[in-house]
> 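Before we start, here is the structure in question, set down as structure tokens.
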Amino acid sequence: MAAGTTVEKLSIVKAINASLRKSLETDNKVLIMGEDVGKLGGVFRVTDGLQKDFGEERVIDTPLAESGIVGTAIGLALRGYRPVVEIQFDGFVFPAYDQIVTQLAKMHARALGKIKMPVVIRIPYGGGIGAVEHHSESPEALFAHVAGLKCVSPSNASDAYWMMQQAIASDDPVIYFEPKRRYHDRSEVNTTAIPGPLHAARVEVPGSDLTLAAYGPMVKVCRDAAAAAAEEGKSIEVLDLRSMSPIDFDGIEASVRKTRRLVVVHEAPVFYGAGAEVAARITERCFYHLEAPVLRVGGYHAPYPPSRLEDEYLPGLDRVLDAVDRALAY
Amino acid sequence: MAAGTTVEKLSIVKAINASLRKSLETDNKVLIMGEDVGKLGGVFRVTDGLQKDFGEERVIDTPLAESGIVGTAIGLALRGYRPVVEIQFDGFVFPAYDQIVTQLAKMHARALGKIKMPVVIRIPYGGGIGAVEHHSESPEALFAHVAGLKCVSPSNASDAYWMMQQAIASDDPVIYFEPKRRYHDRSEVNTTAIPGPLHAARVEVPGSDLTLAAYGPMVKVCRDAAAAAAEEGKSIEVLDLRSMSPIDFDGIEASVRKTRRLVVVHEAPVFYGAGAEVAARITERCFYHLEAPVLRVGGYHAPYPPSRLEDEYLPGLDRVLDAVDRALAY
Amino acid sequence: MTVDSTAARKPRRSSSTKRTRAKQPTADQPELVQLLTPEGERVEHPDYSIDLTPDELRGLYRDMVLTRRFDAEATTLQRQGELGLWASLLGQEAAQIGSGRALRDDDYVFPTYREHGVAWCRNVDPTNLLGMFRGVNNGGWDPSTNNFHLYTIVIGSQTLHATGYAMGVAKDGADSAVIAYFGDGASSQGDVAEAFTFSAVYNAPVVFFCQNNQWAISEPTERQTRVPLYQRAQGYGFPGVRVDGNDVLACLAVTRAALERARSGQGPMLIEAFTYRMGAHTTSDDPTKYRADEERELWEAKDPILRLRAYLAAENLADEDFFTTLEQESDALAKRVRDAVRSMPDPDNMAIFEHIYADGHALVDEERAQFAAYQASFAQEGH
Amino acid sequence: MTVDSTAARKPRRSSSTKRTRAKQPTADQPELVQLLTPEGERVEHPDYSIDLTPDELRGLYRDMVLTRRFDAEATTLQRQGELGLWASLLGQEAAQIGSGRALRDDDYVFPTYREHGVAWCRNVDPTNLLGMFRGVNNGGWDPSTNNFHLYTIVIGSQTLHATGYAMGVAKDGADSAVIAYFGDGASSQGDVAEAFTFSAVYNAPVVFFCQNNQWAISEPTERQTRVPLYQRAQGYGFPGVRVDGNDVLACLAVTRAALERARSGQGPMLIEAFTYRMGAHTTSDDPTKYRADEERELWEAKDPILRLRAYLAAENLADEDFFTTLEQESDALAKRVRDAVRSMPDPDNMAIFEHIYADGHALVDEERAQFAAYQASFAQEGH
Ligand SMILES: Cc1ncc(C[n+]2csc(CCOP(=O)(O)OP(=O)(O)O)c2C)c(N)n1
Ligand SMILES: Cc1ncc(C[n+]2csc(CCOP(=O)(O)OP(=O)(O)O)c2C)c(N)n1
Ligand SMILES: [Mg+2]
Ligand SMILES: [Mg+2]
């Protein structure tokens, strides 16, 4: 390891916290805004200690109104600030949807580039934490469809740290989806490394028989599936997409040209989900290379169920392996 | 024609108006709500004359607040009413998005079926009318992705009439997308016929070499494309999907098994759009039947452009024919 | 119970001396409608009065005690892992029982997720409330059975549903009223403002009942407003009033008046019940991160149950027997709830696909069938 | 121009006799700050006064006349097919020029789609405003050049942007102020209520300037509120005032005071400018469907330009020369706008793919390349 590098084992929560802290330190235009982000440090403690150290002017508890949070963040960005906004849970982003879709996403284009909108919207998303309604959803497709927004999701602490740095540095609005059920998973973070591009997919596990593409909380499931499949002699490549808009189609294509089979996995409902976009485009790009149709594993066309049913609803190891088997059977 | 049938040539605007009128007459629980739906009859005159004939208690001008419109419609539905809500333009549905997605869509499930939500949301949508920002968008994917909602779009006056009758009769929330640039296209409406199912696709033009699937305003473009292709000796089948949630995959599959090629056309951005869902699922269902990848023609990943550019942005005859040629070239 | 109603009325003080003491509006503590002081003394208010029989007074006491006991049991059940979460109403019993007992059967209630006391008044079986906190459903009861809508989690949404429902009541020419509960935090949501606008414009018979429990999770009410919340109504053209939310009599009297007003065609009204969330926001919350113990102690002195108990005792409106019986009733309720929760079955897996649509949806049918086949494949493998 | 400033001040009436006449608040016509009557008489107001030089007075007149002329020209251009749409400000010149001239350069404006007069005061080139109505862009100017934000079409949204911007101003310790324009219809949007809440809680230096032009397309203001709109502010903890929106002096005085208030750290304020939309909502609208001609006639008698002209004339503050020169200036402006619009080029097709992201997006690059290739294929076919 080179001299001066700093490697630490961090949970995703701590990695995001460290990343926010770093940005607050290095750029006095960076602000943290949201419900309960101050003294409480957010309901997941992602902003823990930040208000104490940077004050109420930089780490701002807001009124309970998501449209207001995003709308005022837009105004602050117009004034030269770089707000990082927290939406408390996935299911509570919708009151802000109008401001995000009609204002935040379109302001740069409306001004023919003369305005920039460096706003990050953090959304803890996804299920698996035994929560009540509205606390377990995966709404990323509803943002990725909208031009002007970028959507990313880290699957590990290192990405959590660096992708947040890059999201804050970006002059475009970035919706940063935090895989809340992985918040306490720990892995190594090198806070002095030079990160790769924000929107590139990464080969998480190399393999040759089939590609599993996932992002956020599902990367771990796919890694486990690859390990299980390996025991049966199947070589599965796992791609961590990392970005849902843009999607690194070149990266997926490269993998699929090699493996000739693709299964896309996400928690969000399959219907009109990210898997559809990946399947459609990769099929077009790799029509003569695919030995099986691109299969999708994801949520059903159903409201996220009460928590006692979520293990059945969420794509787990078995459902992923079932899809792998079906794809390999072609 | 059977005795007692009534066939009239109507524009889509007039057909919807007639359908609303019929429902107001036959079911006193039906209400019309929205901005300017009263004396003005809506900015497109879809509700013209209804307040005059049914009074302010049934045809209700609302305050200028879309969340309030949908939220109170939900309350009225709980009280036993069947509100038909108008959103003035596609781009103005987003303030109501939270009420639609977190409340309207989920109320039936939340109550384990003990509540029904017979609310119709009418949205004039799509471009081609030379309008300013927010007046030309096609947001259907943002609703179709959400379980609990149904999404339909008529392409002609007869469907406009009957699908509205069926949407109002449905105990589920239906988002009824009105192809605003076709509002004044006239065609025959038989107001005494027995309509087919609300969510079934219909073969608009039969053909054998390739299937063009579209809905709403794009059906006409596809019909024109089929006619143009016919002159070159290509036999194109045009499917009017009519429903974006559910999608009649059986109907599409049947067509594609015959033609072996599919192009999906919509105005909405291709990225994460309905075409992706159709392509992914039909490829899975028809993997060994497809001679070409499913191609998609639609909007770019860009905000809907200023009107002087919309002809370039919108999928027109040439772009559809280009895709047809590309698909046939496989 | 032998205290007759004459006895009940006798000890009420004449208003003149007490009134001064009861309310001394200051800039940050504006007028608060109060009929029972924290010490349990009956006071009069010029605009709101109430006349209750001993039975009724004991009834209110009983409601509050049983609600608190149910709530405590639910908190325990959460700690034991039987519930995933619980949102305690501890401290807000008077606001909920007072307003809940003001309702007529034909009135309709739109609660948040914390209105266990109101649910009690509506005869909703307490175990019904626990389904969503246990994770077996997202509500699940039939609102029309008790005119008590499902708990709503998305802050503020239900105020618009209430307004729409009330518009329907008015359209029907019925003389029912509707009540919408929400919190101090919710007052910031655009939906609540739109509910104010719609209800005012259509003169809908709806009462907005805001429980200002001083906190929205970790945020004090000053993060939501810089003037007392009840004043919000004025600018929308209807009256607002602040009531001592720990005074069950005042809550009952004020809500009754507001409902009556709504019924008689005078439109909406806002009630701000000034109260306190004695516990954590939910069982997931840790209030030590953001508020001082002393604050809680100050409010403990204003406990809604203690003050009514003091009054009942001072005026001889309830004997030992009453309290003993109630204690037993409480234990029985706790046991019933405990047993019911523990035996609450997990939903069948196929329930994922149920009740998404009333009229069906082809994709749901397809996914249901696939899921069933997939599950069956395991059963077969298991052979 | 020879009238000196002494002359200008001399004819001002003493306030006592006039004041009574100027404002007679009634239930449905509450107090209206007025400094110039419809007949062009100067009156005093106890809270708001103004002291303008003849130059300044003529300047206001000139602003209103030129704005109206520009607006009329735009309407004509729409009829001729040069614009797709136009939203006329006819009748609202005083509200816009009065408030616009109250601003300092470092103040920041958040307009709706109708603030052509305010844009004029900010030195925004009028032709810039026409791009979106012609359909060549969706705004396109750089807001920071004149501290004049892009037109916002989604009703109410900009009030939150203004609030956020003002929060930033306060954070910077700057003494600028921000002004957010919106309509009577917009007052119903949740976003506007949230802007009130945020600005009050953070004490942001923002002035909410509501032009109540009596109509939101076809809906009269009674569809939005049952009390005067300026009263809305009170419940959020800041002052509201209703000003005669057709009185440019009153609009200037009141806005100046509100901005000064904001600058000095006293937080937000709401101004309701009571005015009238003399024309259609936009060129797509047909007001004969929903309102009577008589109403328009009533308001014509209150025309903002005529009353200032009457005042200038009565007080000898402007001579024929002034009016003739202004007429010529108007014609020149109209011609300039006409020529500029007619020669406004259509955007290049490739503009579809420009400025979607500041930092680029792979899919946009891919689609841009595909589009270019597709277009090139036609060029080749054309060969
Ligand atoms: C739209 C929305 N945003 C955020 C949340 C998360 N949340 C749940 S309760 C709560 C605080 C509510 O405070 P208040 O309205 O005062 O009610 P209380 O909990 O005090 O009864 C928050 C922020 C939510 N449920 N809905
Ligand atoms: C969110 C939203 N809903 C609906 C519309 C359509 N619309 C445009 S202007 C308008 C009326 C606005 O009235 P008001 O706020 O009084 O402003 P005015 O046009 O009178 O200046 C409506 C309904 C819109 N632009 N945005
Ligand atoms: Mg609270
Ligand atoms: Mg208006």
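Given the structure is predicted, the values throughout are model-derived calculations rather than measurements.
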> Go through the atoms of C:Q189 and report whether side chain, backbone, both or neither lie under 4.5 Å from a heavy atom of chain D.
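Both backbone and side chain of C:Q189 come within 4.5 Å of chain D.
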> Is C:V201 close to D:Q224 at the side-chain level, that is, under 4.5 Å between some pair of heavy atoms?
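Answer no - side chains too far apart.
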> Side chains of C:R226 and D:Y202, heavy atoms from C-beta outward: is any pair under 4.5 Å?
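Counting from C-beta outward, C:R226 and D:Y202 never come under 4.5 Å.
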> Do D:R232 and C:Y236 form a cation-pi contact, if we require the NZ or CZ to be under 6.0 Å from the six-membered ring centre and within 45 degrees of the ring's axis?
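Yes, D:R232 lies over the aromatic ring of C:Y236.
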> Just so I understand: if I count every heavy-atom pair under 4.5 Å between each of C:L229, C:V227, C:V192 and chain D, which residue has the most?
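Answer, by heavy-atom pair count under 4.5 Å with chain D: C:V227.
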> Determine yes or no for a side-chain-to-main-chain donor-acceptor pair under 3.5 angstrom, with C:Q234 supplying the side chain and D:G235 the backbone.
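It does not hold such a pair.
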